[in-house]
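We're numbering straight along the sequence, starting at 1.
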Amino acid sequence: MAQTSYSQGGFYRFSQNVYWLMIVNFWFLFSNILLIAAFFLLVPTIANALFFYLAALPTGLTIAALCHSIRQFIDDKDISPTRTFFTSIRKNSKDAFKVWFPIVTLAFILVIDIQYFQQNPTVLNQILNGVFLVVLFLMTIFTFYALMITTHYTFRVRDIYRLAIYYLFTWVKVSSGNLCIVFLSIVLLFLTNDFILLFIGSTVAWVLVLNSRSMLKDVKISFVKQEEQALEEERA
């Protein structure tokens, strides 16, 4: 009885969550070693943009695996973080890359434009610089929604984008919460050190996933059956 009581206690659950997040965060960082090396070894300039772009291509797959693994852990505390993470990569990498590739390509175009605007600080360029920064900020939540949806449900890529945009702008409470989480994470980076990002990735993803559970449930209730009917009609 004492052992059972201990295993269900608050400290045990807390230590289990910390252990699980540490392990999955390690594998997330390990899977992004090229991008991490690029950030620490290369100067982020337009001349090095191609290297950053190529290094970032696998990142969407690992973000999708991280978020999907955390979502599974929330439902089942007894799963292995290592097995869950790599199983998610194996099952979802193809679909996640289809969603991620256009997003990361557009993001790098915007980043290059922002660097150009900063090097040529005219009034118009400063306005465009602010607009593009806002777009990038919104794209973080759009990307999170798109990757979460694609790892849980089967939709065409264009429909995943539509759903991500729909939830971004219509589910204001959830989206506002996610934007605040991302904003506070960015502020933390500025106030501390870039190295902190190596330790908080899984924690940020954990909070985002917790805040977005209702969105995933609504996708299943409102759109999964519609998508299945649409696919059946295309095959007919």
| note | Closest non-hydrogen contact found for Phe155 with Asp159 is CB-CB, 4.3 Å
| query | So, for Ser185 and Val204, which heavy atoms are closest and what is the spacing to 0.1 Å? | reply | OG-CG2, 3.4 Å
| query | Are any non-hydrogen side-chain atoms of Leu147 and Cys67 less than 4.5 angstrom apart? | reply | no
| Linking I/L/V/M/F/W/Y whenever any side-chain heavy atoms sit under 4.5 Å apart, do Leu208 and Phe183 land together? | yes
| field | Connected via hydrophobic side-chain network under 4.5 Å: Leu54 and Leu34 | value | no
| query | Is the closest side-chain donor-acceptor distance between Asn211 and Asn178 under 3.5 Å? | reply | yes
| What distance do Ile112 atom CD1 and Tyr53 atom OH have between them, rounded to the nearest 0.5 Å? | 10.0 Å
| field | Heavy-atom side-chain contact between Leu210 and Ile70 under 4.5 Å | value | no
| query | Can you tell if the side chain of Ile141 reaches within under 4.5 Å of the side chain of Tyr167, non-hydrogen atoms only? | reply | no
| Looking just at side-chain N and O atoms, do Thr62 and Asn32 make a donor-acceptor pair shorter than 3.5 Å? | yes
| request: Side-chain contact test, heavy atoms from C-beta onward, threshold under 4.5 Å: evaluate it for Met148 versus His68 and give yes or no. | output: no
| request: Please report the shortest heavy-atom distance between Ala146 and Val99, naming the atom on each side. | output: CB-CG1, 3.7 Å
| message | Taking the six-membered ring for Trp, are Phe223 and Tyr166 closer than 6.0 Å centroid to centroid? | response | yes
| Does any non-hydrogen side-chain atom of Ser69 lie less than 4.5 Å from one of Trp27? | no
| note | Closest non-hydrogen atoms of Ala65 and Ile89, given as atom of the first, atom of the second and distance, are CB-CG1, 3.3 Å
| Same apolar cluster: Ile63 and Phe101, side chain cutoff 4.5 Å | yes
| note | d(Thr143 OG1, Tyr161 OH) to nearest 0.5 Å is 8.5 Å
| Taking the side chain as C-beta and beyond, is there a heavy-atom pair between Phe137 and Leu133 under 4.5 Å? | no
| message | Would you say that Phe117 contacts Leu124 through its side chain, given a criterion of any heavy-atom pair below 4.5 Å between the two side chains? | response | no
| said: With no hydrogens and no angle check, just 3.5 Å: does a side-chain donor-acceptor pair link Tyr145 and Ser175? | reply: yes
| message | With a 6.0 Å cut-off (strictly less than), is the heavy-atom count around CZ of Phe108, excluding the residue itself, greater than 12? | response | yes
| query | Between Thr122 (side chain) and Asn125 (backbone), is there a donor-acceptor pair under 3.5 Å? | reply | yes
| remark: For Arg213, the salt bridge (charged side-chain N to carboxylate O under 4.0 Å, His left out) test, sequence neighbours excluded, returns none
| task | Take Tyr153 and Ile160, measure what side chain to side chain contact (heavy atoms under 4.5 Å, CB included) needs, and give me the verdict at the end. | result | CA-CA 9 Å; Tyr153 308 112; Ile160 290 173; over 6 Å; no
| said: Is there a continuous path of hydrophobic side-chain contacts, each under 4.5 Å between heavy atoms, that joins Ile165 to Leu136? | reply: yes
| Does the pair Met215 and Asp218 meet the rule for a side chain to side chain contact (heavy atoms under 4.5 Å, CB included), with working shown? | CA-CA 5 Å; Met215 182 270 293; Asp218 189 75; 5.8 Å; no
| task | Ignoring hydrogens and angles, state whether a donor on the side chain of Asp95 or Thr150 is under 3.5 Å from an acceptor on the partner side chain. | result | no
| query | Which heavy-atom pair separates Ile149 from Ala164 by the least distance, and what is that distance? | reply | CD1-N, 4.3 Å
| field | Side chains of Met139 and Leu110 in contact at under 4.5 Å (non-hydrogen atoms) | value | yes
| field | Atom pair OG/CZ of Ser212 and Arg71 - distance to nearest 0.5 Å | value | 10.0 Å
| query | Looking at Leu66 and Phe85, what are the two nearest heavy atoms and their distance? | reply | N-CE1, 3.8 Å
| Aromatic centroids of Trp20 and Phe73 separated by under 6.0 Å | yes
| said: Closer than 3.5 angstrom, by distance alone: can the side chain of Trp100 be matched with the main-chain N or O of Ala56 as a donor-acceptor pair? | reply: yes
| said: If you apply the rule side chain to side chain contact (heavy atoms under 4.5 Å, CB included), what do you find for Ile23 with Thr82, and how did you get there? | reply: CA-CA 7 Å; Ile23 297 300; Thr82 300; 3.6 Å; yes
| said: As a quick check of understanding, evaluate side chain to side chain contact (heavy atoms under 4.5 Å, CB included) for Thr140 and Phe144, giving each step before the final call. | reply: CA-CA 6 Å; Thr140 59; Phe144 169 70; over 6 Å; no
| Check: Phe39 ring centroid to Phe52 ring centroid under 6.0 Å | yes
| said: Just verifying a value: how many Å separate Lys173 NZ and Ser214 OG, rounded to the nearest 0.5 Å? | reply: 9.0 Å
| request: Determine, using the 4.5 Å side-chain heavy-atom cutoff (strictly less than), whether Leu191 and Ile181 are members of one ILVMFWY cluster. | output: yes
